[in-house]
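Working notes for the structure below.
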Amino acid sequence: MRDVEFEKARTALKSKQRDLKKKGKGDKPNASVPLTEDDIKLLYDKGLLGKSTPEALLNTVWFNNTVYFGLRGCKEHRDMCWGDVQLRQTTNGEEFLEYTERQTKTRTGENPRDVRQIKPKMFSVQGSERDPVTVYKFYAEKRPSEMNDNNAPFYLAVNNCKNKILPNHGLKSQPLA
């Protein structure tokens with residue numbers, strides 16, 4: 001395809017690609033559709049989000065980190081360590097979570113000045129069953145004590161063994177696979 005006799009075909013193909021891109025036919029099939037408030041309510045109603053099971057708890061923590069901290073892909077979630085999220089308080093006592101970002105696809109660390117000016121924060125929503133700070137605290141409570149080191153993985157695997165009493169809300173002392 002790089003030979004001279006294919007030059008006209010390559011030029012025509014590039015021209016057609018530009019034309020389709022201008023008409024909005026570019027990467028649209030892969031575009032995601034955001035969840036509506038009704039979708040989120042349905043996930044809570046069905047028990048897929050919330051604190052009722054270890055899976056629901058893990059889903060909720062992951063969902064909150066995606067929505068509030070803007071984590072984009074699996075790699076950013078998997079690279080998270082327990083110490084990357086800190087529970088803090090404002091001067092008037094309102095609790096919030098603050099995320100310290102690691103290297104990402106767009107921020108590789110090559111340029112030390114390329115950091116977020118303001119760290120992402122997740123504020124408490126008092127009285128809500130969906131309060132992200134309450135969910136975080138519950139998740140922190142249920143983590144095995146040996147996994148509370150700052151360099152421990154943020155997401156832990158779920159213990160699916162049904163025959164024994166599950167301490168720590170069914171969370172294992174190993175990273176989520």
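Atom set for the values below is all heavy atoms of this structure, side chains included, hydrogens, waters and symmetry mates excluded.
At a threshold of 4.5 Å between non-hydrogen side-chain atoms, the residues V61 and F154 count as touching. Within the 4.5 Å cutoff, the side chain of M80 has heavy atoms near those of the Y155 side chain. The side-chain heavy atoms of F63 and I40, taken from C-beta on, include a pair separated by under 4.5 Å. R130 has its side chain out of reach of V135: every pair of non-hydrogen atoms, C-beta onward, lies at least 4.5 Å apart. With contacts defined as side-chain heavy-atom distances shorter than 4.5 Å, the pair K21/Q17 does not qualify.
Smallest separation of non-hydrogen atoms from P132 and L97: O-CD1, 4.2 Å. When all heavy atoms are compared, the tightest approach of P153 to R143 is O-NH2, 2.9 Å. In this structure, N64 and M122 approach most closely via the heavy-atom pair O-CE, 3.8 Å. In this structure, L156 and P144 approach most closely via the heavy-atom pair CD1-CD, 3.6 Å.
Residues satisfying the side chain to side chain contact (heavy atoms under 4.5 Å, CB included) test with T36, not counting sequence neighbours, are D38, D39. With sequence neighbours excluded, no residue forms a side chain to side chain contact (heavy atoms under 4.5 Å, CB included) with S15. Taking the side chain to side chain contact (heavy atoms under 4.5 Å, CB included) definition, one finds that T90 meets it with N92, E94, F96, F123, sequence neighbours left out. With sequence neighbours excluded, the residues that form a side chain to side chain contact (heavy atoms under 4.5 Å, CB included) with Q89 are E95. Under the ring pair (Phe, Tyr, Trp, His ring centres under 6.0 Å) criterion, Y136 pairs with W82, sequence neighbours left out.
Each of L57 and V125 belongs to its own hydrophobic cluster when Ile, Leu, Val, Met, Phe, Trp and Tyr are linked at side-chain heavy-atom distances under 4.5 angstrom.
Distance check: K121 NZ to K119 NZ gives 8.0 Å after rounding to the nearest 0.5 Å. Note that NZ of K142 and CG of L58 are 14.5 Å apart. Values are rounded to the nearest 0.5 Å. In this structure, T11 OG1 and K16 NZ are separated by 15.5 Å, a value rounded to the nearest 0.5 Å.
Side-chain contact annotation: E98 with T100, donor-acceptor N/O pair under 3.5 Å absent.
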Under 3.5 Å, side-chain donor or acceptor atoms of residues 41-49 against the rest of the protein: list the pairs with distances, not counting sequence neighbours.
from	atom 1	to	atom 2	distance (Å)
K41	NZ	D45	OD2	2.9

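Listed for the D3 side chain is no donor-acceptor partner under 3.5 Å among the backbone atoms of E5. Put simply, the side chain of D84 gets close to the backbone of C81: a donor and an acceptor are under 3.5 Å apart.
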Legend entry - CA sep, side-chain torsions, deciding dist, call: S124, Q126, side-chain hydrogen bond (donor to acceptor under 3.5 Å, both in side chains): CA-CA 6 Å; S124 180; Q126 294 298 321; 3.0 Å; yes
